[in-house]
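Below, chains carry the letters A, B, ... as their sequence lines are ordered, and counting in each starts from 1.
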2 protein chains.
Amino acid sequence: MASTSNQAVYRATTTAPVNIAVIKYWGKRDTVLNLPTNSSLSVTLSQRSLRTLTTASCSANYPSADTLNLNGKPQDIQSSKRTLACIASLRAHRKALEDGDSSLPKLSTLPLRIVSENNFPTAAGLASSAAGFAALVRAIADLYQLPQTPTELSRIARQGSGSACRSLMGGYVAWRTGELADGSDSLAEEVAPASHWPEMRAIVLVVSAEKKDVPSTEGMQTTVATSALFAERAQHVVPARMAAIEKAIQNRNFHDFAEITMRDSNTFHATCLDSWPPIFYMNDVSRAAVRLVHDINRVVGRTVCAYTFDAGPNSVIYYEDKDSELVAGTVKAILGPNSEGWDGAFYERLANVTAPGVSLEQVDSRAIEVLKDGVSRVILTGVGEGPVKVENHLVSETGEILSTL
Amino acid sequence: MASTSNQAVYRATTTAPVNIAVIKYWGKRDTVLNLPTNSSLSVTLSQRSLRTLTTASCSANYPSADTLNLNGKPQDIQSSKRTLACIASLRAHRKALEDGDSSLPKLSTLPLRIVSENNFPTAAGLASSAAGFAALVRAIADLYQLPQTPTELSRIARQGSGSACRSLMGGYVAWRTGELADGSDSLAEEVAPASHWPEMRAIVLVVSAEKKDVPSTEGMQTTVATSALFAERAQHVVPARMAAIEKAIQNRNFHDFAEITMRDSNTFHATCLDSWPPIFYMNDVSRAAVRLVHDINRVVGRTVCAYTFDAGPNSVIYYEDKDSELVAGTVKAILGPNSEGWDGAFYERLANVTAPGVSLEQVDSRAIEVLKDGVSRVILTGVGEGPVKVENHLVSETGEILSTL
């Protein structure tokens with residue numbers, strides 16, 4: 001077991017994106033395998049705005065236990081069954097390769113050192129677990145030079161975090177619920193690449209910490225177990241919406257895409273409210289964003305923006321690039337140019353916008369007041385690509401943990 | 001048509017109560033007849049706290065058109081199809097009596113003068129239409145000395161305002177959806193009188209005007225037409241809950257009564273949120289009340305209180321008299337004794353309460369803060385009786401409008 005410092009350190013590094021669902025994943029039919037009660041669909045967000053960077057490395061030099069360092073802090077990997085399950089699956093795939101080709105180095109026998117960093121603060125309230133597990137799976141698969149496709153790897157990432165399976169691909173990604181008990185057909189697949197509809201944009205309205213809501217009892221399994229309306233959504237409402245939104249994406253029909261997105265967000269939060277005890281994620285700031293979106297669409301006279309809310313009060317508003325002034329420009333006018341986030345990769349189009357895209361006199365005044373008071377920053381982004389292999393490793397050639405933080 | 005002042009003025013005066021549903025009425029299957037998509041059930045609230053007082057009078061002295069004066073203001077009765085429908089039905093019943101007994105004065109031929117007053121401010125946010133139409137129908141029925149039972153009269157009051165049919169009786173009142181197209185079997189009936197379970201109390205938390213939410217597009221027919229989850233509630237969820245809550249009332253089982261009440265309020269608001277565009281009635285103050293109720297029940301270790309929300313942010317919290325200190329006492333400690341409404345008929349038990357019934361340290365601190373900031377007054381009340389015939393007429397012996405305002 002003794003190792004010397006001249007033994008090789010193998011490394012692979014990847015970035016992985018955040019994704020925001022437009023048909024929501026909520027409810028597991030198998031909590032160990034992370035098998036969902038319904039299919040879901042998301043837009044992969046650009047890594048020019050938000051990304052996780054992960055290096056997977058292995059070496060005979062390392063102490064015998066696998067380790068994970070996240071945002072500069074060592075994690076207790078042994079207590080994370082989900083992380084262990086992903087690593088075990090990937091290692092088994094590597095072992096199979098090694099068993100079939102004795103010339104391959106026996107990486108499956110070496111301890112792993114995994115180092116990961118997000119470029120966005122936890123305070124942004126964005127679920128980082130999807131990008132995190134996608135990056136972990138992609139980085140180890142690259143380290144092990146596995147031949148599996150992203151869809152095949154999605155089966156592994158899903159066991160880490162359900163929605164992570166959708167972050168292994170770019171563009172518009174469906175996660176099929178599948179039918180088999182072992183979950184082997186519960187996989188993510190690209191419905192359309194980012195290049196099919198590259199004009200999709202998103203602005204995230206991050207709710208101020210001081211405006212956060214009364215805490216809710218969380219847990220999607222509460223909804224599965226107690227909501228009288230949940231089964232109707234899972235069995236009938238979502239399948240119809242999946243078919244309709246895939247068609248809308250194929251046709252780049254923003255109106256349909258937007259309406260289905262908003263309706264499914266509402267139905268999802270309705271089943272949360274219908275849970276026992278009830279679960280609330282949206283608060284008064286969220287509802288002001290809903291009102292703003294409906295008001296903008298009404299004033300413009302066509303559907304130019306769509307809201308969606310995950311398990312928290314932040315809103316994500318989708319729009320097309322050509323409507324940037326109408327949508328993000330109006331948000332900018334409401335929040336003021338000094339609010340945080342008006343910079344970065346997607347800012348060009350908005351840099352010179354000073355007047356709102358729609359007259360604020362035609363937007364509900366109370367909604368404007370609540371948004372001004374309750375949104376602390378925005379994140380400008382858009383549809384983007386899946387994980388990218390990069391060379392800025394977070395582990396040195398000799399195995400030391402590096403950091404970009 | 002000339003009349004002289006020595007002709008008789010016939011008068012009858014009644015009070016009528018407010019009712020608060022525990023199984024909500026939401027959605028009409030016939031908008032003209034006010035036929036509901038589902039049965040509902042309410043608790044009639046005591047008229048010692050809240051009541052409408054209505055005098056119906058008729059006289060050959062009056063100008064030829066029927067008139068209605070509400071809270072001191074003449075109403076345009078001709079533009080209110082619902083009011084006209086109620087009056088026409090009652091007049092037809094009177095006409096039938098007169099046709100069968102020629103000794104009766106021909107009141108059906110005389111113009112009506114109806115005067116009505118609520119003893120609670122509109123700002124309280126309590127739907128006054130139920131009490132108003134129940135009082136109007138009861139007063140005219142008394143004026144006309146109609147033999148119809150309250151259940152038979154509920155068919156008429158329902159056409160004024162759906163929930164009005166439940167204010168014609170005291171105690172615990174069900175409104176059966178009925179099956180017939182003409183609505184003749186869509187009637188209210190007493191499930192149990194107030195005396196069966198007189199210990200039921202209610203405290204209304206009235207949300208400050210400045211904390212009112214972003215306005216929502218209202219309308220139950222929006223929900224009927226657009227919610228993907230609505231039919232499930234109307235067809236399956238409510239029938240099961242009606243049977244269960246009637247059993248709970250028969251057995252005075254507060255735990256079951258409370259849980260069904262809370263769950264149905266949540267399901268109702270879930271279908272509103274699932275509407276297109278979405279309808280929001282609960283706001284952050286409402287949700288803080290939800291949290292408070294769950295926290296009190298958790299700390300006490302049994303279900304001592306239950307929230308319900310109508311089409312607005314005010315919460316109604318039901319509890320039993322024996323738990324007044326635990327529930328209303330805790331609310332009093334949170335809002336402070338100087339908040340409005342700590343007086344009146346139901347205050348005795350709380351007059352000397354200075355400490356909260358449950359330790360405020362065990363209640364979510366953010367919920368306390370939101371309630372302190374967002375509730376402007378309380379209304380203390382309890383289960384009560386149906387309409388009562390009284391002699392304090394709002395029309396003088398000679399036909400002048402009087403006022404207690």
Side-chain angles (χ1 to χ4, degrees), chain A residues 210-217 226-233 235-238 240-241 259 262-280 282-295 297-298 307 313 363-371 374, chain B residues 210-217 226-233 235-238 240-241 259 262-280 282-295 297-298 307 313 363-371 374:
Chain A
E210 65 266 32
K211 293 291 171 183
K212 293 285 187 204
D213 202 12
V214 171
S216 59
T217 304
T226 64
S227 167
L229 305 176
F230 172 77
E232 181 68 16
R233 173 174 187 268
Q235 291 166 18
H236 299 115
V237 179
V238 166
R241 286 183 180 158
E259 184 166 326
M262 292 186 272
R263 282 182 178 243
D264 196 65
S265 177
N266 293 337
T267 304
F268 153 52
H269 289 279
T271 65
C272 291
L273 169 51
D274 188 51
S275 303
W276 183 253
I279 300 169
F280 299 97
M282 296 172 73
N283 65 11
D284 286 356
V285 183
S286 316
R287 289 210 296 284
V290 167
R291 179 63 184 242
L292 173 66
V293 164
H294 282 287
D295 280 358
N297 289 337
R298 178 181 48 74
Y307 53 79
V363 174
D364 181 79
S365 59
R366 176 84 179 125
I368 290 174
E369 187 187 323
V370 171
L371 289 168
Chain B
E210 66 265 33
K211 293 292 171 182
K212 293 286 189 203
D213 201 13
V214 171
S216 60
T217 306
T226 65
S227 167
L229 305 176
F230 173 77
E232 182 67 17
R233 172 175 188 266
Q235 291 167 18
H236 300 116
V237 179
V238 165
R241 286 183 180 158
E259 184 166 327
M262 292 187 273
R263 281 181 178 245
D264 197 64
S265 177
N266 293 337
T267 304
F268 154 52
H269 289 279
T271 65
C272 290
L273 169 52
D274 189 52
S275 303
W276 183 255
I279 300 169
F280 299 97
M282 296 172 73
N283 66 12
D284 286 354
V285 182
S286 315
R287 288 210 297 284
V290 167
R291 179 62 185 241
L292 173 67
V293 165
H294 282 287
D295 280 359
N297 288 337
R298 177 181 50 73
Y307 53 78
V363 175
D364 182 78
S365 59
R366 176 86 179 123
I368 290 175
E369 188 188 321
V370 171
L371 289 168

If you take all heavy atoms of A/Arg233 and B/Leu229, which pair is closest and at what distance?
N-CD2, 4.1 Å

Measuring from atom NE2 of A/His269 to atom CG of B/Asp274, what distance do you get when rounded to the nearest 0.5 angstrom?
12.0 Å

Side chain / backbone / both / neither for A/Arg241 at chain B, heavy atoms under 4.5 Å:
side chain

Starting at CE of A/Met282, measure out to CZ of B/Arg287 and round the result to the nearest 0.5 Å.
8.5 Å

Are B/Glu259 and A/Trp276 close enough that some pair of their side-chain heavy atoms sits under 4.5 Å apart?
yes

Would you say that A/Tyr307 contacts B/Pro278 through its side chain, given a criterion of any heavy-atom pair below 4.5 Å between the two side chains?
yes

Report which part of A/Phe230 has an atom under 4.5 Å of a heavy atom belonging to chain B: side chain, backbone, both, or neither.
neither

Point-to-point distance, once rounded to the nearest 0.5 Å, from CG of B/Leu273 to CG of A/Asn266
5.0 Å

Side chain / backbone / both / neither for B/His294 at chain A, heavy atoms under 4.5 Å:
side chain

Sequence neighbours left out, what passes side-chain hydrogen bond (donor to acceptor under 3.5 Å, both in side chains) with B/Thr271? Give chain and number order.
none

